[in-house]
Amino acid sequence: MELLVAIAIGVLTFSGVYLILRARTFSVALGLTLFSYAVNLFLFAMGRLHTGKPAVLSDAVSYTDPVPQALVLTAIVIGFAMTAFVLILALRAHTELGSDHVDGVEKPKAEPKQRKVMGKTNKLKRKRAGATR
Amino acid sequence: MNHMLLVPILLPLICGALLMMTSRSPIGLVRLISTASSLLLLACALYLLTLANSAQIQVYALGNWSAPFGIVLVLDRLSALMLMVTAVLAVFVTLYALRGDDQRGGYFHALLQFQLAGINGAFLTGDLFNLFVFFEILLIASYALLLHGLGPARIRAALHYVILNLIGSGLFLIAAGLFYGVAGTLNMVDLARFVAQAQGDQVFLLEAAGALLMLVFGLKAAFLPLHFWLPRAYASATAPVAALFAIMTKVGLYAILRFSTLVFGAEAGAASGLGENLLWILALLTIALSALGAFAANSLVSLLAYLVLVSVGTLLAGIAVGSEAAIAAILYYLIHSTWVIAGLFLLADIIAKQRGELGSSFKVGPRLLNPHLLGGCFFLAAIAVAGLPPFSGFLGKVLLLQSVSDSAAWQLWSVVLVSGLIGVIGLSRAGSLLFWRHHNPTDSALPLDKTAFAIAALLLLSSPLLVVFAQPVITYTEAAAAQILDVQSYLQAMQLEDAL
């Protein structure tokens, strides 16, 4: 079981880090989510893995460590709120900067492509502006 | 147990919640609550300062659960000093924001109070996971404050800032989990006790967790390779927010100082002095490179952001040295650098308002409406921040340079003095361009807001005051440095020493 949990945490972290290093805000947000899943699993596993042990509520002689469970609950709540904030911020950045690149501008390397993309977003903007008018 | 220890956390939290509810009521009421809260916080911080200075380390066990099991708040000289620095800054920031900046977006005062609650909590807590929670409170408030006023520049800066800090939070949790998994405790003092006795593989795991924590705190403190988010974020923030953020890097430095003295201090056995050599090199590189950054800055606010980094490097150098004299010196320098840089951010905003669309960018612009007043004030503040006599920056640097000896001395002396010179050149270039090279006044310049100017000038006045009252301040910082290096006194205060 330890090996399985360790591999799961490792794969989640790997995918999370890979996605965080991407240039688009959406994949970064996804990466952050996966990374926080990995972190939560890791925190939970720090109470050691047991089978068949009750929670601390019962009168049993041995029970699972309640502290990591409490920590992971806090971490999940905070992580959830932060992910929501990142998504809203990413949306806001896309509407305000006209690009979903994490730097807010397209790389200059892809110049011919970039113009097309920018043209599209400009058209979109014009459409939107027309709609609001 | 003294219940006053809770006030610096509860007061801003309650006032912040109240401000959320009253956000639709007249602006006068909102401003009244916010100002009253900041002033009360200052009174409370001053009381706690005298309490910490006169008595032993104060421990407040939340819910009356005793030390290693429950969460504790700890008040020693260091945390009381940090609370006081924050409270003074908060009063000036609140008053300056009342001059109109709080109207550029919603909920400014509520966010400010939440931010203060998070900062104060981070300074007071004695529990590692609780520190994480307070870090998140101050961070989420700072995300929204950084965005205050909106605009593309702020959104671009905030996107980097938020993503980086979310990764930091994840690493913080891994570190906290590792500490708990190995030591079975999250109380920092109990952790120190455990690290001192750790053996074999435990040492490596604890060192890995400690290194991860240093990385997270380093991201907040923004020293060299982790500083890239800072210049853009600070330069694009609204003036009172940028001034408030002057304390934010110090939260990270405080945490590094706390961990390197308490958990990985001289008594930590095999794990003693974790990463000190690396921190020393990074500190020197931070000072040198950010001085160059200040020289190459293209606007006054970005110059100031790089000066924040110079002060971070200087403070980190003192932490890496780790002697009593060095820590006493950097605590004095910390007070100076927080207040003076915050004051300069406010002054830069007042200058920028008289330059119309150009703002504070280094381009030949219109003649200022009050060149002598603003120029004179900038001149004196620049002397203070660059570390020239007779102001507090000079005194802080002299104390730090005196505290190092042997081979470390020539490294620090050369880096600090040369980067100081570069800083002076950068500041004089800024001053001559802003005040001497100009064409006719612009129509879009706003007349001088005398109250706002008085607030900024009063905050900058802290620098000569720190020199006049240097004797009591340095006595206090020396006592604080002696206290944090005496790990046994913390074990005694929490009644954990019998277990050692």
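Basis for what follows: all heavy atoms, side chains included, without hydrogens, waters or symmetry-related copies. Labels below follow one simple rule: chain letters A, B, ... track the order of the sequence lines, proteins then strands, and each chain is numbered from 1. Bear in mind the structure is a predicted one, so any value in this text is a computation, not a measurement.
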Quiz item: Just by distance, with hydrogens left out, do A/Asp65 and A/His50 show a side-chain donor and acceptor under 3.5 Å apart?
Solution: no
Quiz item: What part of A/Leu71 is in contact with chain B, defined as an atom under 4.5 angstrom from a non-hydrogen atom: side chain, backbone, both or neither?
Solution: both
Exercise. Could you look at B/Leu178 and say if it's the side chain, the backbone, both or neither that has a heavy atom under 4.5 Å from chain A?
Key: both
Exercise. Evaluate the ring planes of B/Phe259 and B/Phe179, with Trp represented by its six-membered ring, and classify them as parallel (under 30°), tilted (30 to 60°) or perpendicular (over 60°).
Key: tilted
Practice problem: Mind ranking A/Val28, A/Val67, A/Val17 by heavy-atom pairs under 4.5 Å with chain B and telling me who comes out on top? | Solution: A/Val67
Quiz item: Considering only heavy atoms, which portion of B/Leu139 lies under 4.5 Å from any heavy atom of chain A: side chain, backbone, both, or neither?
Solution: neither
Quiz item: Side chains of A/Tyr18 and A/Ser27: do they bring a donor and an acceptor to under 3.5 Å?
Solution: no
Quiz item: Which of parallel (below 30°), tilted (30 to 60°) and perpendicular (above 60°) describes B/Phe172 and B/Phe135?
Solution: perpendicular
